[in-house]
Amino acid sequence: MMQHILLCGGSGTRLWPLSNQQTPKQLLTLFDGYSLLQLAFRRNRFACNKVMAIVNEQQSEIVQEQLMQAGAAAPVCLAEPVGRNTAAAIALAAFTAEPETILLITPADHLIGTPDRYAMAIETAGLLAAGNHIVTIGLVPTRPDTGFGYISYSGHDVLRFVEKPDRPVAEAMLAAGGFLWNSGIFCCKARIMLQELQKHAPAIYEAAAIAAEEWKQTGVLSKESMEAIPSDSIDYAVLEKSSIVKVVPSKMDWSDVGSYEALADALSQHYQYRNHQAVFIQSDPHKSMVIGKDKLVALVGVENMVVVNTESALLIMQKGSGQDIKQLHQWVRENRPELL
């Protein structure tokens with residue numbers, strides 16, 4: 001069995017105001033009463049007998065509560081007083097695990113609709129990880145998306161990682177074939193991860209070792225020990241430099257729920273949570289998404305809308321403008337930070 005490491009970082013800027021600093025998207029219970037965090041835990045129970053969540057200390061209590069509600073018997077939360085990106089989080093997890101334990105490392109905010117394909121990919125990855133490889137899950141791309149990193153591959157061999165491309169490069173890669181989206185899901189032995197961190201990112205390794213020892217002794221990470229760890233992603237720090245990385249291609253149905261359009265698509269399979277508190281007059285209810293709790297929202301003669309009605313703000317957005325939420329979030333940060 002593996003140990004599940006849930007990466008719970010992220011502030012949910014692309015889904016503001018539904019998602020905010022206190023309740024980022026992975027904690028919103030929109031999916032048949034479950035959150036993305038809970039779905040991620042449940043999805044990986046077949047392969048993992050333990051779970052550790054790496055979490056912002058502000059959200060530690062709610063994350064632990066949600067994991068227990070989802071069936072975790074003894075979830076462990078490693079609460080970070082400040083975020084230092086994924087390399088630091090994974091280093092801390094590896095230092096606290098038994099050396100030969102295979103860590104299955106997943107983001108907490110992904111949605112996967114084909115559990116059979118997912119399970120097959122994880123089982124294959126586990127076998128490769130047992131052979132002392134770091135194994136990433138690669139997704140067969142369905143469009144020339146510029147928001148994801150890509151992996152050039154042959155079989156299970158990683159030829160190179162490609163940064164988020166512009167549109168022409170993404171289209172060329174899809175036309176050429178032999179490229180996968182980098183899912184951010186991977187597994188490896190704790191010992192192997194630490195070996196590669198020490199080799200390729202020694203400053204992260206050394207500072208994380210001190211912080212992890214502090215956590216083992218006290219159960220708390222101090223701000224000083226976290227800030228001493230250099231901030232870097234695991235992709236840059238290790239995966240793009242290591243010679244022992246393998247990839248498992250998969251055609252699973254996957255979404256990072258990174259926009260309101262993606263959320264609307266995801267919720268289309270969960271009708272009791274779609275268009276809550278809404279009435280449609282001369283409007284197609286299947287082409288718009290309405291989320292609101294305290295009042296009726298009526299759409300009359302308009303199509304392809306997203307309406308999000310929260311206690312702090314009301315968002316009305318034309319579908320297709322989801323990427324502009326980042327700009328909106330920046331405006332709110334500068335002008336109305338109390339709403340974040």
Side-chain angles (χ1 to χ4, degrees), residues 1-7 26 31-32 34-53 67 70-72 86 90 93 97 100-143 145 148-159 161-162 173-174 177-190 192-193 234-235 239 242 244-258 262 265-266 268-270:
M1 296 292 282
M2 295 186 255
Q3 179 177 356
H4 189 192
I5 306 299
L6 267 167
L7 302 179
Q26 61 266 25
F31 304 93
D32 282 348
Y34 291 106
S35 67
L36 292 173
L37 168 80
Q38 291 172 315
L39 292 178
F41 163 73
R42 290 166 61 87
R43 183 165 56 244
N44 290 287
R45 284 187 300 181
F46 81 97
C48 302
N49 57 358
K50 292 192 292 184
V51 60
M52 169 183 277
L67 287 173
T86 53
I90 291 164
E100 296 303 310
T101 297
I102 295 177
L103 307 178
L104 174 56
I105 302 162
T106 78
D109 59 356
H110 291 179
L111 188 65
I112 294 170
T114 46
D116 52 342
R117 293 181 181 180
Y118 177 79
M120 188 180 304
I122 295 303
E123 287 170 355
T124 302
L127 292 173
L128 290 168
N132 297 329
H133 293 288
I134 298 176
V135 188
T136 186
I137 306 298
L139 304 167
V140 176
T142 57
R143 59 187 183 277
D145 201 299
F148 305 135
Y150 286 71
I151 300 170
S152 173
Y153 77 108
S154 176
H156 290 305
D157 294 329
V158 173
L159 304 181
F161 287 86
V162 181
M173 287 192 295
L174 255 67
F179 289 89
L180 302 165
W181 286 337
N182 186 358
S183 71
I185 301 168
F186 57 99
C187 66
C188 60
K189 292 180 181 177
I192 296 299
M193 175 54 69
I234 195 65
D235 290 334
L239 298 187
S242 175
I244 62 169
V245 180
K246 297 290 185 181
V247 66
V248 176
S250 177
K251 291 184 177 181
M252 71 178 77
D253 180 10
W254 170 92
S255 172
D256 67 347
V257 199
D265 288 343
S268 67
Q269 300 178 39
H270 301 268

Margin query: Within this structure, what is the OH-CG distance for the pair Tyr150 and Leu139, rounded to the nearest 0.5 Å?
Written below: 11.0 Å
Item checked: Polar side-chain atom of Ser152 near backbone of Leu159 as donor-acceptor pair, under 3.5 Å -> no
Checklist line | Min side-chain heavy-atom separation Met2-Ile122 under 4.5 Å | finding: yes
Check: Can you tell me how far the CD1 atom of Ile192 sits from the CD1 atom of Ile244, to the nearest 0.5 Å?
Finding: 5.0 Å
Margin query: Minimum heavy-atom separation for Ala190 and Ala97, please, with both atom names.
Written below: CB-CB, 4.0 Å
Checklist line | Least distance between heavy atoms, Phe31 atom then Ala266 atom | finding: CE2-CB, 3.9 Å
Check: Would you find a donor on one side and an acceptor on the other, under 3.5 Å apart, between the side chain of Thr114 and the backbone of Asp116?
Finding: no
Notebook entry, point to check: How far does CD1 of Ile134 sit from CG of Leu103, to the nearest 0.5 angstrom?
Noted result: 10.5 Å
Item checked: Any side-chain heavy-atom pair of Val248 and Val135 under 4.5 Å -> yes
Next item on the list: Any chance you could measure Leu39, atom CG, to Tyr34, atom OH, to the nearest 0.5 Å?
Entry: 8.0 Å
Note to self: Tell me the closest heavy-atom pair linking Ser250 and Arg117, and the distance in Å.
What the structure shows: OG-O, 4.1 Å
Note to self: Heavy-atom count check: over 12 atoms from other residues, nucleotides or ligands less than 6.0 Å from Met1 CE?
What the structure shows: yes
Margin query: Taking the side chain as everything from C-beta on, heavy atoms only, tell me whether Asp157 gets closer than 4.5 Å to Lys246.
Written below: yes
Note to self: So which atom in His110 and which in Ser183 form the shortest heavy-atom distance, rounded to 0.1 Å?
What the structure shows: CE1-O, 3.1 Å
Checklist line | Flag, side chain of His156 to backbone of Val247, donor-acceptor distance under 3.5 Å | finding: yes
Next item on the list: Indicate the atoms forming the closest heavy-atom contact of His133 with Cys188, along with that distance.
Entry: O-CB, 3.7 Å
Item checked: Atom pair CG/CD1 of Leu36 and Ile112 - distance to nearest 0.5 Å -> 10.5 Å
Checklist line | Over all atoms of both residues, closest heavy-atom pair of Leu104 and Cys48 | finding: CD2-SG, 3.8 Å
Check: Is the closest side-chain heavy-atom distance between Leu6 and Val51 below 4.5 Å?
Finding: yes
Note to self: Distance check, rounded to the nearest 0.5 Å: Asn44 atom CG versus Ile105 atom CD1?
What the structure shows: 11.5 Å
Next item on the list: Measure the acute angle between the ring planes of Trp254 and Trp181, then classify it against the limits of 30° and 60° as parallel, tilted or perpendicular.
Entry: tilted
Notebook entry, point to check: If we only count heavy atoms from C-beta on, is the Phe186 to Val245 side-chain gap below 4.5 Å?
Noted result: no
Notebook entry, point to check: For Met120, does its backbone N or O pair with a side-chain atom of Glu123 as donor and acceptor, under 3.5 Å?
Noted result: no
Check: Are Ile137 and Leu180 close enough that some pair of their side-chain heavy atoms sits under 4.5 Å apart?
Finding: no
